[in-house]
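Below: the structure, in structure tokens.
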Number of protein chains: 2
Amino acid sequence: MKLEKLAEILKTVAHEKRLRILVLLEEFDQNICVCEFVDALNVPQYQVSQHLRELRGKDLVRGNRDGTWVYYSINPDLPRDVRRLIEGLLEHLDSEDYSREMEKLEERLELREDGKCVIGYDESDE
Amino acid sequence: MKLEKLAEILKTVAHEKRLRILVLLEEFDQNICVCEFVDALNVPQYQVSQHLRELRGKDLVRGNRDGTWVYYSINPDLPRDVRRLIEGLLEHLDSEDYSREMEKLEERLELREDGKCVIGYDESDE
DNA sequence: AGGTTGTATGCAATTATGTACATATAGCTA
DNA sequence: TAGCTATATGTACATAATTGCATACAACCT
């Protein structure tokens, strides 16, 4: 991959919240909607949307609208080298470091009906 | 590795010039002095020093002074996981993308005497 | 000591990034 | 249609990164 491209991707990814978003997408390997991120990461909705927009802007991530909900996933059309780069990065993480988010997200996913999110996010974001 | 640590390293590394510096250090696997970087990368001396300072600040790189010259290398005491991270990142690069710098650096290294740099950098930095 | 050369740093100007809030938009439902 | 909910975006502000330049510092040499 070109050096400029690598630098660009690293810059996009070099942010705590965006890393957390990517980890959850990688680990659960399924579509996750914005409100599920909000609850799992305990980050205000506008921030989640903003980070997702950045990731989307670099084509790392893709959103699919289903009604009012928008489900995000790692962009399945990502070039193989970029894909491997991302995976490689995340492999360096201690899993304890995001286990709490994993658990929270798991709880949220259990609230889905027919595989779909049916509730919003908790307004009382501490 | 902790997620914040990963984000921090990625942020430090997510810069075209700093990536080029790291590539050269990895590929040549030896001490390289500031003026050699200046000529190889064709970047003003103060910029090279600044980028090296940032890399040094995060302990990714180490400088050893020998007379007026300062030779840099990948920090040999880098924790193994960090070391692997850096190596992993650089492996994604097309080597054509930095082959010119490699050649220029090779030429510069040939001008060393007894393994030591004996000239400065070219003032006429285009 | 004085001059020279390689390297580092401080400062100012610009640009980019992060954050918070308000509000807009899209699609649902009644 | 109106109202609601999920998501997206615009704006404003603070903060950080980048860049260019001048200059300081360190070590050498005469």
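Every chain is numbered from 1 and lettered A, B, ... according to where its sequence line falls, protein lines coming before strand lines. All values reported here derive from a predicted model rather than from experimental measurement.
Take A:D66 and apply the salt bridge (Lys or Arg N to Asp or Glu O under 4.0 Å) test, not counting sequence neighbours, and it matches A:K116. Residues passing the salt bridge (Lys or Arg N to Asp or Glu O under 4.0 Å) test with B:E4, sequence neighbours excluded: A:R20. With sequence neighbours left out, A:K58 forms a salt bridge (Lys or Arg N to Asp or Glu O under 4.0 Å) with A:E8. Take A:Y72 and apply the side chain to side chain donor-acceptor pair (under 3.5 Å) test, not counting sequence neighbours, and it matches A:R56. Residues that satisfy the salt bridge (Lys or Arg N to Asp or Glu O under 4.0 Å) test with A:R62, not counting sequence neighbours, are A:D77. Listed by chain and residue number, B:L10, B:K11 satisfy the side chain to side chain contact (heavy atoms under 4.5 Å, CB included) test with A:A14 (two or more places apart in sequence, or in another chain). Shown here are the side chain to side chain donor-acceptor pair (under 3.5 Å) partners of B:Q50, two or more places apart in sequence or in another chain: there are none.
In this structure, a donor-acceptor pair under 3.5 Å is present between the side chains of A:Y98 and A:E27.
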### Sugar-phosphate or base contact per nucleotide [nucleotides 24-30 of chain D; S, B, -; heavy atom under 4.0 Å]
---BS--
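Taking atom CG of residue A:L41 and atom C1' of nucleotide D:dT7, one finds them 16 Å apart after rounding to whole Å. Following rounding to the nearest Å, B:N31 (CG) and C:dT7 (P) show an atom-to-atom distance of 13 Å. At whole-Å resolution of the value, CG in B:L52 and C1' in C:dG6 are 13 Å apart. For A:L10 and C:dT17, the CG to P distance is 14 Å, given to the nearest whole Å. Distance, B:Y121 OH to C:dT4 P: 15 Å, rounded to whole Å. A straight line from CG of B:D39 to P of C:dT7 spans 10 Å, rounded to a whole angstrom. When rounded to the nearest whole Å, the span between OH of B:Y71 and P of C:dT7 equals 8 Å. Atom pair B:H15:NE2 and C:dT17:P shows a separation of 11 Å (rounding to whole Å applied).
Closest approach to the B:C33 side chain among C:dT7, C:dG18, D:dT9 is made by C:dT7 (side chain taken as heavy atoms from C-beta onward). With C:dT7, D:dT7, C:dT19 as the candidates, the nucleotide lying closest to the side chain of A:H51 is C:dT19. Distances were taken from every side-chain heavy atom of B:W69 (C-beta onward) to each of C:dT19, D:dA22, C:dG6; the shortest belongs to C:dG6. Out of C:dG18, C:dA22, D:dT7, the shortest distance to the side chain of A:Y46 is found at C:dA22. When each of D:dG20, D:dA8, D:dT9 is scored by its nearest atom to the side-chain atoms of B:Q50, the top-ranked nucleotide is D:dG20.
Side chain A:Q47 to base C:dA20: no donor-acceptor pair is found below 3.5 Å.
Counting any heavy atom pair closer than 4.0 Å across all strands shown, B:Y72 reaches sugar-phosphate atoms only and no base atom.
Applying the side-chain hydrogen bond (donor to acceptor under 3.5 Å, both in side chains) test to every pair with at least one member in residues 86-95 of chain B, sequence neighbours left out, gives these pairs: B:R83-B:E87. The stretch residues 15-42 of chain B participates, sequence neighbours left out, in these ring pair (Phe, Tyr, Trp, His ring centres under 6.0 Å) pairs: B:H15-B:H51.
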### Task
Could you please spell out the steps behind the side-chain hydrogen bond (donor to acceptor under 3.5 Å, both in side chains) verdict for B:S99 and B:E103?
CA-CA 6 Å; B:S99 54; B:E103 288 167 24; 4.8 Å; no
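To the nearest 0.5 Å, the span separating CG on A:L85 from CG on A:L89 amounts to 4.5 Å.
Each of B:K11 and A:V48 was matched to the nucleotide of DNA chain D holding its nearest heavy atom; the match closer to the 5' end belongs to A:V48.
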### Task
Determine which bases of DNA chain D form Watson-Crick or G-U wobble pairs with both distances under 3.5 Å, and write the result as a 5' to 3' dot-bracket string with | for other-strand partners.
||||||||||||||||||||||||||||||
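Against DNA chain D, the stretch residues 53-60 of chain A makes heavy-atom approaches under 4.0 Å through A:R53, A:R56.
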